[in-house]
Amino acid sequence: MINFNLKHTIEALLLSSNEPLSTERLFKIISNKHQITKTDVLDAIKALENDYLEKEIEVSKVASGYRIQAKKSINDYLNIIFAERTPKYSRALMETLSIIAYKQPVTRGDIEAIRGVSVSSSIMRTLTDRNWIKIIGYRDVPGKPAMFSTTADFLSYFGLEKLEQLPELPDIKEPKNLDLELDNQSNTLVENDNLPETSLN
Amino acid sequence: MINFNLKHTIEALLLSSNEPLSTERLFKIISNKHQITKTDVLDAIKALENDYLEKEIEVSKVASGYRIQAKKSINDYLNIIFAERTPKYSRALMETLSIIAYKQPVTRGDIEAIRGVSVSSSIMRTLTDRNWIKIIGYRDVPGKPAMFSTTADFLSYFGLEKLEQLPELPDIKEPKNLDLELDNQSNTLVENDNLPETSLN
Amino acid sequence: MQEKDHNNPIQSEMPFAIVDGEQITEMPKDLYIPPVALQVFLDTFEGPLDLLLYLIRKQNLNILDIPIADITEQYVDYINLMKELELELAGEYLLMAAMLAEIKSRLLLPIFEDIDEEEDPRAELIRRLLEYERYRTVSEKINQLDRVDRDIFLSTVDTDQFNQPIVLPDIQVMDLVVSFQEVLKKAEMFSTLHFMKEPLSVKERMTMILETIQDKDFVQFEELFDLEEERTGLVVTFLAILELMKELLIEIVQAKEFGIIHVKTLVEK
C-alpha cells in the first residue's frame, strides 16, 4: 500500500480498541499486512508522543499496554460532560482490594483475618466482574481456598504500569518487643484503668 | 490561559466523550472558561478535519453533533482486534442457563430462589435472543409468572436430540430443599406439566 | 504518585471515617445518640477493628496504651446499641467484645512468677489493630489515586461504522454441568446460612440461662456452655451471662482462687 503510515495506523488502532494494546499486539496485527519490526512500532509510538506534546491528549503506558487519554488540563470540561457518572466504591471494597493488592496471593480467609469482618460476596463479585482480581490458584490446605491476586486491568484502571507504583504500605509501627513496650507504659495503664499494680510487671 | 488552543481542546473533548457533541454543546462547555464564539468552534472543527486528511481517523457529522471515527482503511486491522476478543458469558448467565436446562420449566422466581440473587433482565434477553430459552406457559399463581424452558435450538447447539442426553450430574448431592421447593411448585403448573423433552424434537 | 486533591467535591465519601481527621468533632460526644444518627454512625464502621480504632483515636491514645477497661466498657456500650440496629454484623462485634472481656480479665488476674514469661494479653489485639490500620490507611491512598472515568478520561473513536462481525460466545455442554454444580453448591451454603442466623440473640440466651438456673440453687459456670456450639454461640452465652450479672439477675461465686465457679440465681422464687 502506497500511503501506509505506521504512526497514523497505530494512532487509529489505539483509539479504536476498547483496551490498551501492547507493542507485541500492535506488531502482530500490523505485520500481517506490512513488513515492520517491533522497533518500528516503538518508534512510531515515540513519534506519536512527540506529536501530542502540543495537543490535549497523550499516550499513556499502563500495565496492559498503550492507550490514548485526555490530558488532565481538560478535566474541568470533561467533568461537565461526565457529571455524575463517576464510579464510587465503598470503603469495604477499597480495603478488600488493597489487601489483595499488597498481600497477593491471598485467600478470603486472609482478608477476613486482617479486616476482622467477613468478606462480602458481592464485593468479590464486583472486583471479579471488573476484572480487577482473579483466582490464581488454590492453597494447599483443607478446603483448598482460592487465592486471589490483582490483574493488569486493575493497574491500568489506576493508570499504573507496575504494582510497585502503588502507594507505599505504611510500616507497621510495632516495636521489636511489644511486651517490653507495654511494660513501659504500664503506668499509664494503671492510672487509666485503676488496675491493681500487680496486674502488670 | 496562554496555552489555550481551541482546536486541540475540541479534539480531546470529542475523543473523550462517548457521544457526539454539537457545536452548541462545545461552545457552552468551553465558553465557561474562555472567550470564544460559535464561529470559532466551527472553524476549529474545520481545521481538525483538515489535519485528519492524512490520518487514519476522521471527523464525522451525525445527527446529534460531531464525533471522531476510524477511517474505513483500517478495517482490516480492526477485524483482527475484534476477532481476537473471544466473548465469554458471565457466570451469572451460565448458572441461569444451567438451572433452566436442568430444572425446567422454571420461573424467574425459581431461578432467583435457587441462586439467591435476582435474575437480570439482560441475561434473560441474551438467552432469548440466542433462542436458547423460551416461554412455554404461565404458572397458575398470583402474577402468572412466565415459565421458561430450553428450546430445540439449544439442544441442536450441543448436537443433542433430547434433554435426557444432557450429561448427568456426577454424584452431587442436591440439597433437599432445592428439590422440595421446586416440587411444591410443580403441582401448580397449569399445563405443560411434563418436562418438555417430548415437546422438543 | 499522583494524589488526588481532597477538596474535589466528588470525593465526599465517608466523612466520619477519617478517624485521624478533624471531621470527628462532628460526631456525637457521648453514647446517647438518636437511633437514626447512630445508624449513620455505625454504618461508617467497617467492623470491630475499625470501631476500636475509632474509640482509641477519639481519645488521642496511642494504640500501644490502650486502657483496656475503658475501651471495653465503651465498646460494649456501643455494641449494645448496635445489637438493635445492625444485627447482621453482631457476630463479629460480639466476638470482639468477648475478646476484650477476656483480655481485661487476664489483666486482672494476679501474676505469678512462673507465668511471668507469658505475653501481655493485649499484644495480639494490638498487632491486629496495627495491621488493620496499615491497610486502612493505604486503601485511603489508593482511593485518591487517579482513576479511569474520574480523573483519567480515555480517548476513543467510534468504530460502529465498521461492520463488526458479531461473534457469539461459545459454550460446551460441560460448562453447563459445571455451572449447575456451582449453583447446587451455593444453594447448599444458603440453607446452612438460614440455619445459622437464628440462634444468635443475647436476649434469647439470657432467658435460656435463667430457665436453666431457676430450678436449682446454682449451677457450674461451665454447664451453661454447650460445647457443641460454634464459637459465636459460646460468645453469645458469655455475653448473656455478663448481661444477667449487670442486671443483677445472677451472681457468680467462686469459693476459692481457681476453684469451681458457680452461677447463682438472684431471682426470687
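The structure displayed is predicted, hence computed values, not measured ones. Chain naming here is simple, since letters A, B, ... match the order of the sequence lines and numbering starts at 1 in each.
- A distance of 9.0 Å separates NZ of K71(A) from NE2 of H8(B), quoted to the nearest 0.5 Å.
- Note that CD1 of I81(B) and CG of L26(A) are 7.0 Å apart. Values are rounded to the nearest 0.5 Å.
- Interatomic distance, N79(B) CG to I29(A) CD1, rounded to the nearest 0.5 Å: 11.0 Å.
- Heavy-atom distances place the side chain of R25(B), and not its backbone, under 4.5 Å from chain A.
- Of the atoms belonging to E54(A), heavy atoms from both backbone and side chain fall under 4.5 Å from chain B.
- The CG atom of L13(B) sits 7.5 Å away from the OH atom of Y77(A) when rounded to the nearest 0.5 Å.
- What you find for K33(A) and D76(B) is that their closest heavy atoms are NZ-OD2, 2.9 Å.
- Within the 4.5 angstrom heavy-atom criterion, no atom of D129(A) approaches chain B.
- Across I30(B), L21(B), I68(B), L15(B), the residue that shares the most heavy-atom pairs under 4.5 angstrom with chain A is I30(B).
- Inter-residue side-chain proximity for E56(A) and E11(B) is flagged as unmet; no heavy-atom pair is nearer than 4.5 Å.
- Between atom CD1 of residue I74(B) and atom CZ of residue F4(A) there is a gap of 11.0 Å, rounded to the nearest 0.5 Å.
- Here CG of L78(B) is found 4.5 Å from OG of S16(A). Values are rounded to the nearest 0.5 Å.
- Within the 4.5 Å cutoff, the side chain of N32(B) has heavy atoms near those of the I80(A) side chain.
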